[in-house]
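Data block below; observations after.
Protein chains get the first letters and strands the later ones, always in sequence-line order, with residue 1 at the start of each. Just so it is clear, the structure is predicted and the values come from calculations on it, not from any experiment.
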Protein chains: 2
Amino acid sequence: MTNESLIFKKFLARRDLRFTPERKAILEAVFDTHRHFDADEMVELLHKQGKKISRATVYRTLDLLVKGGLIRAMELGEARKVYEHIIGHKHHDHLICTGCGRIIEFDDGLIELLQQKVCDRLNFQAETHSLRMFGRCENCR
Amino acid sequence: MTNESLIFKKFLARRDLRFTPERKAILEAVFDTHRHFDADEMVELLHKQGKKISRATVYRTLDLLVKGGLIRAMELGEARKVYEHIIGHKHHDHLICTGCGRIIEFDDGLIELLQQKVCDRLNFQAETHSLRMFGRCENCR
DNA sequence: ACTCAATCTGAGATTGAGTCTCAATTAAAA
DNA sequence: TTTTAATTGAGACTCAATCTCAGATTGAGT
Ligand SMILES: [Mn+2]
Ligand SMILES: [Mn+2]
Ligand SMILES: [Zn+2]
Ligand SMILES: [Zn+2]
């Protein structure tokens, strides 16, 4: 039993929800994928694996995974929301190339610290944040 | 003639576009409003002022104002895109209260500097950025 | 194992912000 | 004034996301 399965099960149990075969399959596919993906890509991926899980169920389960803190949703500039799994990966933010769509991840502890200071100064209790920089990657200058 | 009118006119002229009465009315309404607003709120506001300008024209003109660098679009967590005017206001980012929806603006030069350093390190040429922190304001803890 | 209330799923309908179409209108250059 | 291109508005359209609801599944209690 993987770490993420245990966490998801616990999250579901706490809310009287069930760890169904569909939710299990989606969880596994999400944690097998080490990329940013959107909901319909996940539907597609599951179908390719022979798992016939409906769009509605995938959307609903991704929401549960976000609520449970197992994955993170973000807008990377396009219309569709994309997801990535969180557990076992440390926090990072994104550079988004408007030329080729490339996503570069970065992590800067000092920026995070200063963000916290801003929140302290303004009496704000931050739960999440999103820092995105849009521009041109080295291939697209 | 206001500063923003001159800038918008110049932008339009450069692209062989026209400074129509509709575009003028939208520009004025946008710069009269010192709040974050979304496109349909702007349609509504103009209608209240007796200006019958179509939804399509408002959407199209807001896009032009963004392209011209007069206003800025952002996602503050809700479904709809919101706008604010830029000219005469210095850059800032946002704290977004998930309790009451309150938006707090802040500006931190050191964070901005460090963002630049991240881009330099990764050979990325940033054109814009968006830093949002979601959480609870002092009234909603 | 059986019952039963609660949860879950899937197919398809619905929503809604944003975009597009196109015919009629308007701007402005010649 | 003529001519050409841009503009507008009404409403159709798109499409990610959400909702509906009937039938299926789960699991606690017996
Ligand atoms: Mn990432
Ligand atoms: Mn603002
Ligand atoms: Zn690129
Ligand atoms: Zn609040």
Strictly below 4.0 Å: does [X] bring a side-chain N or O up to OP1 or OP2 of [N]?
X: A/S54; N: C/dT9; result: no
X: A/T20; N: C/dT9; result: yes
X: A/R18; N: C/dT7; result: no
X: B/Y59; N: C/dG18; result: yes

Answer with yes or no whether the side chains of A/E41 and A/H36 bring together a donor and an acceptor at under 3.5 Å. no
Strictly by Watson-Crick or wobble contacts shorter than 3.5 Å, is anything paired with C/dA1, and which nucleotide is it? D/dT30
In the strands shown, is C/dA29 matched to any nucleotide by a Watson-Crick or G-U wobble pair with both distances under 3.5 Å, and which? D/dT2
Whole Å only: how far is the [atom1] atom of [X] from the [atom2] atom of [N]?
X: B/F37; N: C/dA17; atom1: CZ; atom2: P; value: 16 Å
X: A/E41; N: D/dC15; atom1: CD; atom2: C1'; value: 15 Å
X: B/R23; N: C/dT26; atom1: CZ; atom2: P; value: 15 Å
X: A/L62; N: D/dA16; atom1: CG; atom2: C1'; value: 13 Å
X: A/D40; N: D/dT14; atom1: CG; atom2: C1'; value: 14 Å
X: A/L46; N: C/dG10; atom1: CG; atom2: P; value: 10 Å
X: B/R15; N: D/dA5; atom1: CZ; atom2: C1'; value: 16 Å
X: B/D16; N: C/dA29; atom1: CG; atom2: P; value: 9 Å

For [X], report the nucleic acid contact type (base, sugar-phosphate, nothing); a contact means any heavy atom under 4.0 Å.
X: A/D38; value: nothing
X: A/A79; value: nothing
X: A/R60; value: base

Is there a donor and acceptor pair, one atom on the side chain of A/R55 and one on the base of C/dA11, closer than 3.5 Å? no
Restricting to non-hydrogen atoms, name the atom on A/R136 and the atom on A/G99 that form the minimum distance, rounded to 0.1 Å. NH1-CA, 3.5 Å
Between A/K9 and A/M1, does a side chain to side chain contact (heavy atoms under 4.5 Å, CB included) hold up when you go through it step by step? CA-CA 11 Å; A/K9 273 187 172 171; A/M1 176 69 57; 3.1 Å; yes
Quick note, A/P21 side chain, CB onward, closest among C/dC20, C/dT9, D/dT26 is D/dT26
Note: for A/R80 and B/L12 on DNA chain D, the residue whose nearest nucleotide lies more 5' is B/L12
A/T128 side chain reached by B/M133 side chain, heavy atoms, under 4.5 Å: no
Residue from B/H89, B/K90, B/H94 passing side chain to side chain donor-acceptor pair (under 3.5 Å) with B/H92: B/H94
